[in-house]
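Chain identifiers are assigned alphabetically (A, B, ...) following the order of the sequence lines, protein sequences preceding nucleic acid strands; residue numbering begins at 1 within each chain.
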Amino acid sequence: MSGDSGIRYISHPHPVTGVTNSKLGIWCFLASEVMLFGGLFSAYILLRMGAASWPEGSAILNVPLATLNTMILITSSVTMVMSWASLALKDFKKYRWFMAVTILLGLAFLVVKGFEYAHKFEHHHTPSTNTFYAIYFTLTGLHGLHVLGGILVNTYFLFPGSALWKKDPDQFMGRIEAAGLYWHFVDLVWIFLFPVLYLL
Amino acid sequence: MSGHTPEEIHHHVKIYIRVFAALAALTVLTVGVSYIKLPVMAAILVALFIATIKSSLVAAFFMHLANEKKIIYWILLPAVAFFLVLLVLISYS
């Protein structure tokens with residue numbers, strides 16, 4: 001029983017699994033997220049197949065704004081992975097810079113999404129309008145909450161959480177990698193949401 | 001992904017930039033194709049094909065799945081398998 005490093009394996013890989021327990025944990029969580037969004041995706045297909053008519057996304061949604069948001073999320077995924085790479089190069093200043101940009105891009109995504117929602121509400125298009133808007137708001141709303149969650153976690157790691165870098169750089173890098181895995185997953189979900197809701 | 005040499009990281013960074021360029025190009029492509037107004041079935045297949053390539057790039061390189069320990073694949077396998085079961089069930093309904 002040699003304390004933290006002997007039991008918890010959060011700074012170094014566990015000899016049995018070959019990965020840290022933190023990484024094992026985040027992947028279990030992401031597997032559950034695959035089921036959460038997978039279930040909703042299949043609900044979307046079921047609703048669409050069962051509907052007498054289905055509006056074309058591009059006719060009623062704002063494709064240029066959604067394309068902009070796609071670019072914003074893709075860019076934020078790069079800055080997120082760059083923040084991790086900066087830590088791997090022991091460049092803490094660069095880490096903070098890339099993490100700050102990632103957070104700002106996440107906020108930009110939510111602002112654009114907010115404009116889209118506001119425009120819909122102005123025209124009294126709400127989840128109760130029809131089945132399309134019901135699943136549109138459910139999927140994009142849940143995704144938006146995930147973006148918000150990622151922003152909160154990343155902000156924690158930019159400010160108070162970054163104190164760990166001096167105490168245990170390996171553990172901190174593991175945390176940033178886990179936060180990154182989550183952020184990339186949120187990007188990955190949007191990569192499917194964008195064509196399915198807006199283009200088809 | 002621990003214990004990397006600076007050379008390895010610099011190599012990774014180059015890959016990240018290329019993946020970003022590919023993702024941006026594929027986004028433009030998928031939007032461009034949507035303006036062609038293909039038949040519905042063809043449009044769905046093309047859009048999902050491009051989205052699958054994009055998500056594979058994100059998973060393989062940004063999430064490091066191209067070079068990950070076996071246990072991570074075993075965790076993901078049931079989730080993906082159950083999702084596919086859902087899709088199969090839908091197609092039978």
Side-chain angles (χ1 to χ4, degrees), chain A residues 11-13 16-20 23-24 27-28 30-35 37-39 41-43 45-46 49-50 57-58 63-64 66-67 70-71 74-75 77-78 80-82 84-86 88-90 170 173-174 177 180-181 183-185 187-189 191-196 198-200, chain B residues 1-6 8-10 12-13 16-17 19-20 23-24 26-28 30-31 33-35 37 40 43-44 46-48 50-59 61-65 68-80 82-87 89-91 93:
Chain A
S11 304
H12 300 286
V16 174
T17 60
V19 295
T20 59
K23 195 187 227 178
L24 197 67
W27 274 113
C28 286
L30 291 182
S32 80
E33 292 274 277
V34 169
M35 287 315 294
F37 281 102
F41 258 113
S42 47
I45 298 169
L46 210 57
M49 288 196 321
S58 58
V63 175
T67 308
T70 305
M71 290 297 188
I74 290 171
T75 312
S77 249
V78 181
M80 184 82 211
V81 81
M82 288 301 290
W84 172 84
S86 303
L89 291 169
K90 314 262 178 265
D170 286 327
M173 251 185 88
E177 188 181 8
L181 286 171
W183 192 254
H184 302 314
F185 177 80
D187 182 19
L188 200 148
V189 169
I191 284 174
F192 281 101
L193 284 186
F194 172 53
V196 165
Y198 288 83
L199 302 180
L200 295 175
Chain B
M1 297 294 288
S2 54
H4 291 285
T5 64
E8 278 176 333
I9 296 296
H10 286 302
H12 278 304
V13 168
Y16 298 150
I17 305 296
V19 170
F20 169 68
L23 289 173
L26 287 168
T27 302
V28 172
T30 196
V31 174
V33 169
S34 77
Y35 282 105
K37 300 289 171 210
V40 178
I44 290 174
V46 171
L48 288 185
I50 296 174
T52 306
I53 296 176
K54 286 172 73 182
S55 56
S56 304
L57 285 172
V58 170
F61 297 106
F62 290 166
M63 300 173 89
H64 304 138
L65 272 186
E68 193 49 273
K69 294 283 182 292
K70 263 197 196 123
I71 188 152
I72 304 295
Y73 301 135
W74 283 111
I75 291 171
L76 281 174
L77 187 72
V80 175
F82 279 120
F83 176 55
L84 292 177
V85 168
L86 269 180
L87 294 184
L89 287 177
I90 288 170
S91 62
S93 66

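With a 4.5 angstrom heavy-atom cutoff, I72(B) touches chain A only via side-chain atoms. Of the two parts of I191(A), the backbone and the side chain both hold a non-hydrogen atom closer than 4.5 Å to a non-hydrogen atom of chain B. Looking at I9(B), the atoms closer than 4.5 Å to chain A (heavy atoms on both sides) all sit in the side chain, from C-beta outward. Contact annotation for L87(B): only side-chain heavy atoms (C-beta onward) come within less than 4.5 Å of a heavy atom of chain A. For chain A, the nearby parts of T52(B) are the backbone and the side chain; heavy atoms of each come within less than 4.5 Å. Contact of L26(B) with chain A is not made at all, since no heavy-atom distance falls under 4.5 Å.
Looking at T17(A) and K69(B), their side chains never come closer than 4.5 Å, going by heavy atoms from C-beta outward.
Aromatic ring orientation, H12(B) versus W84(A): perpendicular (interplanar angle above 60°, classes split at 30° and 60°).
The distance from the CZ atom of F41(A) to the CD1 atom of I90(B) is 11.5 Å, given to the nearest 0.5 Å. The distance from atom CG of L199(A) to atom CD1 of I44(B), rounded to the nearest 0.5 Å, is 11.5 Å. Summarising the geometry, atom NZ belonging to K54(B) is positioned 4.5 Å from atom CD1 belonging to I74(A); distances are rounded to the nearest 0.5 Å.
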Let me see the working for L200(A) and V40(B) under side-chain contact (heavy atoms from CB on, under 4.5 Å), right down to the final yes or no. CA-CA 8 Å; L200(A) 295 175; V40(B) 178; over 6 Å; no
